[in-house]
Amino acid sequence: MRWLAIAVAAITAGCSLLVSTDGLRDGPAAVGPEAGALDIADVPSPEDAGADDATPSVEAGVDAGPTEPPGLIGKWTFDDGTASDASEKGHHGTLTGSAKVGDTDRGKALVLDGGGAMRVTALDGAAFPPSGTLSIWFRYEEIAVDVEQVLFDDWDRNRHHLMLRHADNDPANEIQLALMPRSGPYVAEIYFVLSEKTWHHLVITWDADAGRLSAYQGGKISRDQYKAAFTPREQRVRLGTRLIGAIDDVRLFDRPLTDEEALALP
């Protein structure tokens, strides 16, 4: 084979091939919260994922969409014109009163005129997670100072529950998130000032083990520590009681998402 080596050397004489790895990297750099956005959707490179995982098999022409974090137990997008559960867990909603699914500038959404709500009774009480996450898009058409307009559940001093609302006699545009125990002061509470006629995205987590209530809105994180042990064991899953506005893309998880997961929810 000596003659072959000589021939190859003769052919490649005068040519050099240089491969540099200086310009290669494993993937996009992480973006921290201080930059105003948090990207946890970085896809590992083929070298990291392994040859078998480098190219997922996806049927041509089918958009798989974003992957939900683990623990999803309810997802109500209203895209099909109903209050059905898109998580395939079977936790379908029921519309009451004048509540309906209608067209908005976000597409189909739950539209409310103050006279109805959406219920998901299958997740009430013991079925509601003691620690979990709620993600909700909402829009108040008007916020009256003297009317309680509720996004999630309602105020009730006789139940252990979580509620998200504009309380009557609170300042206009103020939204209250609270853990309400039976016959006692709030265990934890967080307040927001949000504008009317604007869509807002709010993610809230409650963590019985850590004793912590967290809220994620506009890239910011707010927290309050529990003042006593608490689980929302008498929760009622209601959306939009006395609300004049709209609600869209609601997700419920049976665990508190991490900061990175919560900030990355669409």
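Residue numbers count from 1 along this sequence.
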Partner set under ring pair (Phe, Tyr, Trp, His ring centres under 6.0 Å) for [X], not counting sequence neighbours:
X: His200; value: Phe138
X: Phe192; value: none
X: His91; value: none
X: Phe128; value: Trp206

> With no hydrogens and no angle check, do the side chains of Arg165 and Gln176 hold a donor and an acceptor under 3.5 Å apart?
Replying inline: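 Checked: Arg165/Gln176 side chains pair up, N/O donor to acceptor below 3.5 Å.
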> Are Ser183 and Arg157 linked by a side-chain donor-acceptor pair shorter than 3.5 Å?
Replying inline: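 On atom types as modelled, these side chains do not qualify, holding no pair under 3.5 Å.
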Considering only Ile, Leu, Val, Met, Phe, Trp and Tyr, and joining two whenever side-chain heavy atoms are under 4.5 Å apart, list the other residues clustered with [X].
X: Trp199; value: Trp137
X: Tyr191; value: Trp155, Met163, Met180, Tyr186
X: Val147; value: none

Between atom [atom1] of [X] and atom [atom2] of [Y], what is the distance when rounded to the nearest 0.5 Å?
X: Ile73; Y: Thr133; atom1: CD1; atom2: OG1; answer: 10.0 Å
X: Leu257; Y: Leu263; atom1: CG; atom2: CG; answer: 10.0 Å
X: Arg242; Y: Leu151; atom1: CZ; atom2: CG; answer: 11.5 Å

Side-chain contact test, heavy atoms from C-beta onward, threshold under 4.5 Å: evaluate it for [X] versus [Y] and give yes or no.
X: Leu239; Y: Leu110; answer: yes
X: Glu189; Y: Leu177; answer: no
X: Leu179; Y: His161; answer: no
X: Tyr216; Y: Glu261; answer: no
X: Ser214; Y: Ile204; answer: no
X: Lys197; Y: Tyr140; answer: no

> More than 12 heavy atoms of other residues, nucleotides or ligands under 6.0 Å from NZ of Lys100: is that the case?
Replying inline: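 12 or below, so no.
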>> Donor-acceptor check, side chain of Thr205 to backbone of Gly132, threshold 3.5 angstrom: yes or no?
In response: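 Not confirmed, Thr205 side chain does not pair with Gly132 backbone.
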>> Donor-acceptor pair, distance only, cut-off 3.5 Å: does the side chain of Gln149 make one with the backbone of Gly240?
In response: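 Flag not set: sc Gln149 to bb Gly240 has no pair under 3.5 Å.
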> What pairs of residues pass the salt bridge (Lys or Arg N to Asp or Glu O under 4.0 Å) test when at least one of them lies in residues 113-140, not counting sequence neighbours?
Replying inline: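 Residue pairs with at least one partner in residues 113-140: Asp105-Arg139, Asp124-Arg238, Arg139-Glu141.
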Taking all heavy atoms of [X] and all of [Y], pick out the closest pair and write down the distance.
X: Leu213; Y: Tyr226; answer: N-CE1, 3.7 Å
X: Ala122; Y: Ala127; answer: O-CB, 3.3 Å
X: Asn173; Y: Ser195; answer: ND2-CA, 4.0 Å
X: Ala117; Y: Leu112; answer: CA-CD2, 3.8 Å

>> For Asp248, give me all partners under salt bridge (Lys or Arg N to Asp or Glu O under 4.0 Å), at least two apart in sequence or on another chain.
In response: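 Listed in chain order: Arg106.
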>> Enumerate the ring pair (Phe, Tyr, Trp, His ring centres under 6.0 Å) contacts for residues 68-90, please, sequence neighbours excluded, ordered by first and then second residue.
In response: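 As it turns out, there is no ring pair (Phe, Tyr, Trp, His ring centres under 6.0 Å) pair with a partner in residues 68-90 once direct neighbours are skipped.
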>> If hydrophobic clusters are built from ILVMFWY residues whose side chains come within less than 4.5 Å, do Val250 and Leu72 share one?
In response: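 In one cluster: no.
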>> Hydrophobic cluster membership, with links at side-chain heavy-atom distances under 4.5 Å among I/L/V/M/F/W/Y: are Leu243 and Val101 in one?
In response: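 Linked within one cluster.
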>> Going by the rule side-chain hydrogen bond (donor to acceptor under 3.5 Å, both in side chains), which residues pair with Ser135 if we only count those two or more places apart in sequence or in a different chain?
In response: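 So Ser135 forms a side-chain hydrogen bond (donor to acceptor under 3.5 Å, both in side chains) with His201.
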>> For His92, give me all partners under side-chain hydrogen bond (donor to acceptor under 3.5 Å, both in side chains), at least two apart in sequence or on another chain.
In response: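 By the side-chain hydrogen bond (donor to acceptor under 3.5 Å, both in side chains) rule, His92 matches no residue at all.
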> With a 6.0 Å cut-off on ring centres, are Phe230 and His160 close enough?
Replying inline: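 When the ring centroids of Phe230 and His160 are compared, they turn out to be within the sub-6.0 Å range.
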